[in-house]
Participant: 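Would you mind keeping the following structure in view while I ask a few things?
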Amino acid sequence: MTGDPALDRFTVDVIQAGLVAAADEMFAVLKKTAMSPIIYEVLDVGTGITSATGELVSSGAGIPTFVGVLDKAVRKIVEIHGLETIRDGDLFVTNDPYYGGVTHLNDVVIALPVFAEGELVAWAASIAHWNDVGGKTPGSMAVDVSEIFAEGLRLPAIRLYEAGRAVDSVFDIVAANSRQPDFVRGDLWAQIAASRKAEGRIRQIVRSYGLATFRHALDKLFDEGERRAKAGLATLPAGTYAIEEEQDSGDLWRAAITIAPDRFTVDLSGNPAQKAAPYNTSRDGAVISCQMIYKALADPTLFANDGSFRLLEVITDPGTVFHAAGSAPHGYYSETRIRLYDMLWRCLAEAMPDRLPAGHFASICGTVVAGDHPDTGRRFTMVEPQMGGWGATAGMDGLDAMYSASHGDTFNCPVEIAEQRYGLTVMRKALNETDEGQGVHSGGKGVDLVYRLRGAAVLSAGYTRNRLPVWGLAGGAAGGTNGLTVKRAGGEGEALAYASDVRLKAGDELYIRTANGGGHGAPR
């Protein structure tokens, strides 16, 4: 390459495109090679590239809240092991929120350090939900636990490969701690293959442009991310906006958001203490919720890297539900994180009703059914997030049957796949035709879904917005609530919100209804 690379914007853009392509190729490999439908159908994964020290370089593909995990996981690996000990051929794994895992034990991060010209230049990382990592209940998502030790196998940022050699004992430990060892092995190898695919792409980029130009391009990209976000902040109304919101549990959550020309501050201090139950999130998890709100407002484009978040500040108190410490469990972290995301959205939507929509169903509505397939006898674990209604805007009705706003471009498992893989029957799958969420523009429709069991199984579930309805905006009506009911073959029904170890028999049915989004504008 000739000329001053500092002036060559074209080279910077080509390198950026190559790194985005590397993350996209990781995503494609996972989709094509994973064993579990939660990965290859639902796409409950995230991929991304970071710098040598863990700054997010390309936003990757998959669930936004998962992509946001990867830079934090790599930084923790670097902190624990030190850059000087990391060698070409190493490969790391973590799933523990206290060791860079950020979420819960089912979500496993694989991180591969990429070397070129003898130096560490980047990391290729992915995260994916594994069906079962041990613990108290099939599917590893128990609600009746008080410490993380009961939730499953903890992998504290350890090596899977060391200088190119597999650490076989770690593979054996992973398999031995799962009720579905063949699936966890298959999904693990899919993630390893994805990282190796990206490694080849990154090395090719460095060979083509040189290490100095590669590193220069990363610096330029980070600066561009900051510039874009700062320009977006200037369009927002400066000031401090506060909110207090009751949760289904009766707890009162609070937040204050301060918007300034060069700073976006989210203050989460003064919130409830962490729970001796799986309803906590790590500080990194709370930061991700804040990052998503900030990015949507300051620069709602696909461009995202570490520089995009330089002007974001998040304040948390250790020992609270948004900054759990010690041995607090995290099994249903996703509900805490999405409730936080929804509360922050509401805080700003009430200040900017013409810019932001009303509330959406705001729950993962995670539904886990595990048992032996009635036809084959093979053990299965169904992990199904549910879809619901999005809120209306000032200009249009809300969208029907979408995943939660923090869930990303993922898909529901097709009926045919669910019935074949899980040995149950999908009796109904339709839009929720209730009247909630009316307004000048109405909220989108939730879903009405019925599963009928064909054999014995065990149910775990986590549904929020179960008691308090979705919020409307600018006079729009509230949307509905999310709910799950188990109807026994004998006729009796049991309404659930959080549950685990619920024993099901052949003929039992699961009735699921998710909320409509909130309306916008006073109904005529």
Side-chain angles (χ1 to χ4, degrees), residues 46 48 54-56 59 63-73 75-76 97 100 102-103 225-226 228-230 232-233 236-245 247 253-272 274 279-301 303-324 330 333-352 355-357 359-360 362 364 404-408:
E55 293 88 4
L56 184 66
S59 56
I63 297 175
T65 58
F66 269 13
V67 174
V69 167
L70 300 176
D71 58 327
K72 299 163 185 64
R75 281 173 169 153
K76 192 66 176 181
V102 179
T103 58
E226 181 177 2
R228 286 172 177 243
K230 189 170 184 178
L233 278 180
L236 302 178
T240 297
Y241 308 93
I243 188 170
E244 289 188 342
E245 184 180 73
Q247 303 301 305
W253 290 3
R254 54 183 58 87
I257 299 174
T258 300
I259 299 173
D262 60 353
R263 184 66 57 181
F264 188 99
T265 303
V266 182
D267 187 349
L268 299 176
S269 59
N271 274 292
Q274 66 190 45
Y279 314 129
N280 306 289
T281 189
S282 62
R283 170 179 161 79
D284 281 341
V287 168
I288 291 169
S289 289
C290 299
Q291 285 179 324
M292 293 179 62
I293 296 292
Y294 168 75
K295 184 69 169 66
L297 289 168
D299 181 24
T301 68
F303 188 102
N305 60 37
D306 190 76
S308 303
F309 305 107
R310 286 176 176 170
L311 305 182
L312 171 66
E313 178 185 11
V314 180
I315 301 169
T316 58
D317 292 333
T320 61
V321 291
F322 301 136
H323 189 157
H330 291 248
Y333 82 95
S334 56
E335 293 304 306
T336 300
R337 193 194 289 183
I338 197 170
R339 302 294 323 121
L340 170 59
Y341 173 88
D342 185 68
M343 181 178 72
L344 297 176
W345 194 269
R346 183 178 188 177
C347 177
L348 293 177
E350 291 177 350
M352 295 179 270
R355 184 164 181 165
L356 300 176
H360 77 308
I364 302 300
S404 67
S406 63
H407 211 105

Participant: Within the side chain of S289, is there an N or O that forms a donor-acceptor pair under 3.5 Å with the backbone of R337?
Facilitator: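 It does hold such a pair.
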Participant: Within the structure provided, determine whether T103 and S334 are in side-chain contact (heavy-atom separation under 4.5 Å).
Facilitator: no
Participant: Ignoring hydrogens and geometry, is there a side-chain-to-backbone donor-acceptor pair from E55 to D71 under 3.5 Å?
Facilitator: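 Checked: no pair found.
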Participant: Taking the side chain as C-beta and beyond, is there a heavy-atom pair between S404 and H360 under 4.5 Å?
Facilitator: yes
Participant: Check the pair K295 / T301 against side-chain contact (heavy atoms from CB on, under 4.5 Å), numbers first and verdict last.
Facilitator: CA-CA 8 Å; K295 184 69 169 66; T301 68; 3.8 Å; yes
Participant: Would you call the rings of Y294 and F309 parallel, tilted or perpendicular, where under 30° means parallel and over 60° means perpendicular?
Facilitator: tilted
Participant: Is any side-chain heavy atom of R339 closer than 4.5 Å to one of T336?
Facilitator: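 With C-beta onward as the side chain, the pair stays apart.
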Participant: If you measure only the distance, is there a donor-acceptor pair under 3.5 Å linking the side chains of D284 and S282?
Facilitator: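 No.
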Participant: Is the shortest heavy-atom distance from the side chain of L297 to the side chain of I259 under 4.5 Å?
Facilitator: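 In short, these two side chains do not touch, never coming nearer than 4.5 Å.
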Participant: Taking the side chain as everything from C-beta on, heavy atoms only, tell me whether L268 gets closer than 4.5 Å to H323.
Facilitator: no
Participant: What I'd like to find out is whether the side chain of I243 reaches to under 4.5 Å of the side chain of Y241, using heavy atoms alone.
Facilitator: no
Participant: Checking the side chain of R283 only, and the main-chain atoms of V314 only, is there a donor and an acceptor separated by less than 3.5 Å?
Facilitator: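 The answer is yes, because a donor-acceptor pair under 3.5 Å joins these two groups.
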Participant: For a quick test of reading the model, state the closest non-hydrogen atom pair linking K72 to V287 and the distance between them.
Facilitator: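 K72 and V287 have their closest heavy atoms at CE-CG1, 4.2 Å.
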